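We're numbering straight along the sequence, starting at 1. Counting starts at 1 for both ligands and their atoms, in listed order. These figures come from a predicted structure and were not determined experimentally.
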Amino acid sequence: MNRIAVLGSGTVGQVLADGFLSHGYDVMRASREPAKLGDWKSKAGARASTGTFAEAAKWGELVVLAVKGTAAESALDLAGAANLAGKTVIDTCNPIADAPPTHGVLHYFTTLEESLMERLQKRVPAARFVKAFSCVGNAFMVNPQLAGGPPTMFVCGNDPGARDDVKKILVQFGWDIEDLGGVEAARAIEPLCMLWCLPGFTSNRWTHAFKMLRT
Ligand SMILES: NC(=O)c1ccc[n+]([C@@H]2O[C@H](COP(=O)([O-])OP(=O)(O)OC[C@H]3O[C@@H](n4cnc5c(N)ncnc54)[C@H](OP(=O)(O)O)[C@@H]3O)[C@@H](O)[C@H]2O)c1
């Protein structure tokens, strides 16, 4: 699996696209307006390309979804269910509502009974969604360097083979991994973003990541 489609013109899309390139993968990065990724493409080198969501989803052997949470379902529609069928889709998205945080606590448009990734999995049943990278700031997504050693990435998704695909990538990217099983675990993983952001919003501390300590 060497062709990685990264759906997202934002910071997460850029950091993960660059991370995949640095680890030897070919990357197509996508936007509704691919022309705005021209600067990135010219700097990223010969193994980087750009396209629409549908072009990238069709080309990629593995797909990364890195779009605004409120637009994630629309982005899947644009990518096309047929282009995603059978593919591992890394879902980095958090269901952050448009309302501003209250005392540093983000608002979500989902509930604790249905996560965003469950909605995405229902929208494209033939895709193999895996939650990953959602619980850490983009500066630490690839090769995180923290005083306490490798932090823990929490992953889940219904397809064990897809989770294995993502775990191999996470090992390459320098992560400890906690595999939490099926898609419902996203109800617990997605709110970790609220916790991660809280010290940032309240006291401008953004340089941390979660680590699970085990016996
Ligand atoms: N920023 C972080 O450090 C961080 C950390 C962990 C997780 N996340 C999550 O990662 C995701 C990406 O975050 P980000 O900060 O890189 O970017 P973002 O600003 O949240 O999202 C940008 C992307 O969303 C797409 N988009 C926006 N509105 C759309 C619509 N109506 N239809 C289709 N696509 C639409 C944009 O498409 P175009 O290219 O066409 O404009 C662009 O590709 C988010 O869900 C975020 O919660 C972020």
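For the pair Asp98 and Lys68, the salt-bridge criterion is met [side-chain N within less than 4.0 Å of a carboxylate O]. Under the 4.0 Å criterion applied to side-chain N and carboxylate O atoms, Asp26 and Arg3 are not assigned as salt-bridge partners. The existence of a salt bridge linking Arg29 and Asp18 is excluded, since no basic side-chain nitrogen approaches an acidic carboxylate oxygen closer than 4.0 Å.
Protein heavy atom nearest atom 5 (C) of ligand 1, with residue, atom name and distance: Val136 O, 3.1 Å. Nearest to atom 27 (C) of ligand 1 among the protein's heavy atoms is Arg32 NH2, 3.7 Å. Taking atom 46 (C) of ligand 1 as the reference point, the nearest protein heavy-atom neighbour is Asn94 N, 4.1 Å. With respect to atom 41 (O) of ligand 1, the closest heavy atom belonging to the protein is Lys36 NZ, 2.7 Å. For atom 29 (C) of ligand 1, the closest non-hydrogen atom on the protein side is Ala71 CB, 3.2 Å. At the top of the distance list for atom 39 (O) of ligand 1, counting protein heavy atoms only, stands Ser9 OG, 2.5 Å.
Between Lys68 and ligand 1, an N or O atom pair is found at a separation short of 3.5 Å. Between Ser74 and ligand 1, no N or O atom pair is found at a separation short of 3.5 Å.
Minimum interatomic distance between Ser49 and Trp40 (heavy atoms only, all atoms of both residues): O-CZ3, 3.6 Å.
Scanning Val67, Leu37, Val12, Leu116 for the heavy atom closest to atom 11 (C) of ligand 1 points to Val67. With distances taken over non-hydrogen atoms, the option nearest atom 17 (O) of ligand 1 out of Gly137, Ala139, Gly10 is Gly10. Residue Thr92 holds the heavy atom nearest to atom 9 (C) of ligand 1 of all those in Thr92, Leu106, Asn138, Ile96.
Residues Phe201 and Trp196 place their aromatic rings such that the two centres sit no closer than 6.0 Å.
Remark: ligand 1 atoms within the under-4.0 Å shell around heavy atoms of Cys93 are 45 (O). For ligand 1 and Gly8, the ligand atoms under 4.0 Å from any heavy atom of the residue are 43 (O). Using a 4.0 Å cut-off to heavy atoms of Thr11, the atoms of ligand 1 that qualify are 16 (O). Close approach of ligand 1 to Gly69 is summarised as follows: ligand atoms under 4.0 Å from at least one heavy atom of the residue are 45 (O).
For Lys167, the NZ atom is densely surrounded, since the number of other residues' heavy atoms within 6.0 Å is greater than 12.
Using modelled atom types, one finds no donor on one side chain facing an acceptor on the other under 3.5 Å when comparing Arg187 with Ser115. Residues Glu61 and Tyr25 bring no donor and acceptor atom of their side chains to less than 3.5 Å of each other. Residues Asp176 and Thr152 bring a donor and an acceptor atom of their side chains to less than 3.5 Å of each other. No side-chain donor from either of His103 and Thr202 sits under 3.5 Å from a side-chain acceptor of the other.
The protein reaches atom 37 (O) of ligand 1 closely, with a heavy atom under 4.0 angstrom from it.
In this structure, Phe173 and Phe133 have tilted ring planes: the angle between them lies in the 30° to 60° band.
With a heavy-atom cut-off of 4.0 Å, Ser134 touches ligand 1 through its backbone alone. Here Met141 has side-chain heavy atoms under 4.0 Å from ligand 1, and that is the only part of it that gets that close. With a 4.0 Å heavy-atom cut-off, ligand 1 is reached by no atom of Thr70.
Judged purely by atom type and a 3.5 angstrom limit, Lys168 has no side-chain atom pairing as donor or acceptor with the backbone of Asp164.
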